[in-house]
Each structure stands twice: as structure tokens, then as C-alpha cells.
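As C-alpha cells, the structure follows; a few thoughts come after it.
Naming: A, B, ... by sequence-line order, numbering from 1 per chain. Everything numeric in this text was worked out from a predicted model, so none of it was measured.
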Amino acid sequence: MNSHARGDGIPNIRENRLPRHFYQRDTLIVVRELLGKILVRRFEGELLSGRIVETEAYIGEDDPACHAARGLTPRTRPMFGPPGKAYVYFIYGMYYCLNAVTEREGFPAAVLIRALEPLAGIETMSARRGSPRPTNLTNGPGKLCQAMAIDKSLNETSLQGEDLYILDGPTLAAETIGSSPRIGIKVGTENPWRFFEKANPFVSK
DNA sequence: ACGCTGATGAAG
DNA sequence: TTCATCAGCGTT
């Protein structure tokens with residue numbers, strides 16, 4: 001029985017979680033297919049969720065913008081590990097960023113989740129963000145982590161677990177996906193490895 | 001355009 | 001131990 005055929009009208013959330021093999025593929029495929037999927041965070045008994053509308057790919061030790069370009073260190077270890085786990089890092093002294101680890105174990109790569117379209121738990125997320133407008137809640141990698149209470153305690157946790165996971169959803173049509181160089185980096189700008197849903201107001205600035 | 005803020009890794 | 005760097009954000 002699949003998740004749409006339970007007969008009780010309640011989606012089978014567990015079975016809808018993206019499996020590990022979704023992530024164990026070419027990062028340039030995963031970075032596009034993650035658009036439209038649903039990021040879910042269980043926090044203090046409440047489910048906070050949002051539809052992924054912007055992502056970036058960081059691919060291997062030869063990508064100068066990838067943290068793994070300096071090799072295996074304590075910080076970058078999650079990217080060298082098995083796919084389907086979270087890589088959460090602290091940046092600029094104030095913010096966290098969430099990545100989904102991709103590719104086979106031993107090949108360091110990940111997809112940075114840059115923006116969400118808020119779905120559930122909007123009241124809680126607004127309060128955590130200091131009550132900004134809905135379009136200013138999760139339109140940036142640091143903002144969405146603040147809204148969803150994602151910090152280093154979730155580093156290296158499975159994305160098929162109970163506290164943080166990504167649900168399957170319809171893959172976006174290619175013509176609705178835009179791309180550009182990645183944001184905030186000074187190297188690797190020749191690669192247009194940022195992807196976003198065109199004309200979506202929840203994409204970052 | 002700039003200041004906030006602290007982890008990170010390289011240099012010494 | 002110092003130092004430069006930094007995949008961000010908010011305010012100016």
C-alpha cells in the first residue's frame with residue numbers, strides 16, 4: 001500500500017520521507033529535485049514546515065567554494081559521510097545553515113537549503129524571528145534555521161528521523177526553475193549552482 | 001556599505 | 001597563540 005492509499009485520508013508521513021538513496025546521487029540532480037519538497041522540523045511537540053524554493057550545490061574537494069575544498073576536518077566531516085544526513089554549520093558568529101549531504105560516502109558534497117515557503121507552524125516561526133512579515137520568515141539560509149530552531153545539535157542527524165526530515169513532493173518542471181551563481185562566495189562563481197523556483201516571493205534576496 | 005558575532009583552520 | 005576568513009542578516 002502506498003501513502004496515498006491508506007483510506008483514512010491521513011498522509012503516511014513516514015513513508016513519504018525521502019529515502020537515503022534520493023540523496024545518494026549526482027548533487028546537480030538532487031539540488032534541483034529538492035525544490036518543491038517539504039522540510040519538516042518537530043520542535044517542542046509542534047511540526048514546523050516549509051516548501052523548499054531555493055537551494056545551492058557544493059560539490060567535492062575540487063569546488064573551491066565547498067567547505068570540503070580544504071580537505072577532511074572536524075567541521076567538514078559530515079560532508080564526507082553517508083548521504084541523507086544534515087550538515088549544519090555556524091557562520092558569521094550568529095547564524096546556522098542547513099545542508100543535506102549528497103553523493104556516496106567518501107565523496108564530500110551537500111545541498112544548502114536557502115529558502116522555504118512557510119506551510120505549518122507559522123505563528124511559532126514568526127515569534128522566533130521577531131514577528132516579521134511572512135515573506136521575511138524563511139527567505140534565507142540563516143533565517144530559516146532561526147525560524148525552525150535548527151542549530152548544531154542537529155548536525156549529522158538523519159534526515160529520515162523524527163526531529164528533522166524532508167517529505168517527497170512533486171518535482172518542479174524544468175522551465176519553472178531558475179539558476180544563478182551561488183550567493184556570498186568569492187570563489188567558484190563561474191558555476192551557476194544556485195537554483196530557485198522562478199517568481200516565488202519566498203526566494204531570498 | 002557596514003557592523004554584528006564567534007567558529008574554523010592555517011600559520012608560527 | 002594570533003590571524004584572516006566567512007555559503008548571513010539587519011540597519012544605514
Roughly how many Å is it from CE in A/M94 to P in C/dA7, rounded to a whole number? 17 Å
Which whole-number value in Å describes the distance from A/N136 CG to C/dT11 C1'? 13 Å
At under 4.0 Å between heavy atoms, what does [X] touch on the DNA or RNA strands: base, sugar-phosphate, or nothing?
X      : result
A/G93  : base
A/R194 : nothing
A/R75  : sugar-phosphate
A/I183 : sugar-phosphate
A/K205 : nothing

Is A/Y58 stacked against the base of C/dA7, taking the criterion as centroid distance under 5.5 angstrom and interplanar angle under 30°? yes
For A/Y95 and C/dG8, do the ring centres fall under 5.5 Å apart while the planes stay under 30° apart? no
Which listed nucleotide ([options]) is nearest to the side chain of [X]?
X      : options             : result
A/Y89  : B/dA7, C/dA7, B/dG9 : C/dA7
A/H67  : C/dA7, B/dG9, B/dC4 : C/dA7
A/P74  : B/dG9, B/dG6, C/dC9 : B/dG9
A/L112 : C/dA7, B/dA7, B/dG9 : C/dA7

Return the 5'-most residue of the pair A/T73, A/I91 with respect to DNA chain B, ranking by each residue's nearest nucleotide. A/I91
Under a 4.0 Å threshold between the charged nitrogen and the carboxylate oxygen, would [Y] count as salt-bridged to [X]?
X      : Y     : value
A/R41  : A/E46 : no
A/E156 : A/K85 : no
A/R104 : A/D26 : no

Aromatic plane relationship, A/H67 with A/Y87 - under 30° parallel, 30 to 60° tilted, over 60° perpendicular: perpendicular
Heavy-atom nearest nucleotide on DNA chain C taken for A/N99 and for A/Q146; more 5' hit belongs to A/N99
Sub-3.5 Å donor-acceptor pair from the side chain of A/Q160 to the main-chain atoms of A/Y165, do we have one? no
Any donor-acceptor N/O pair under 3.5 Å between B/dA7 base and A/Y92 side chain: no
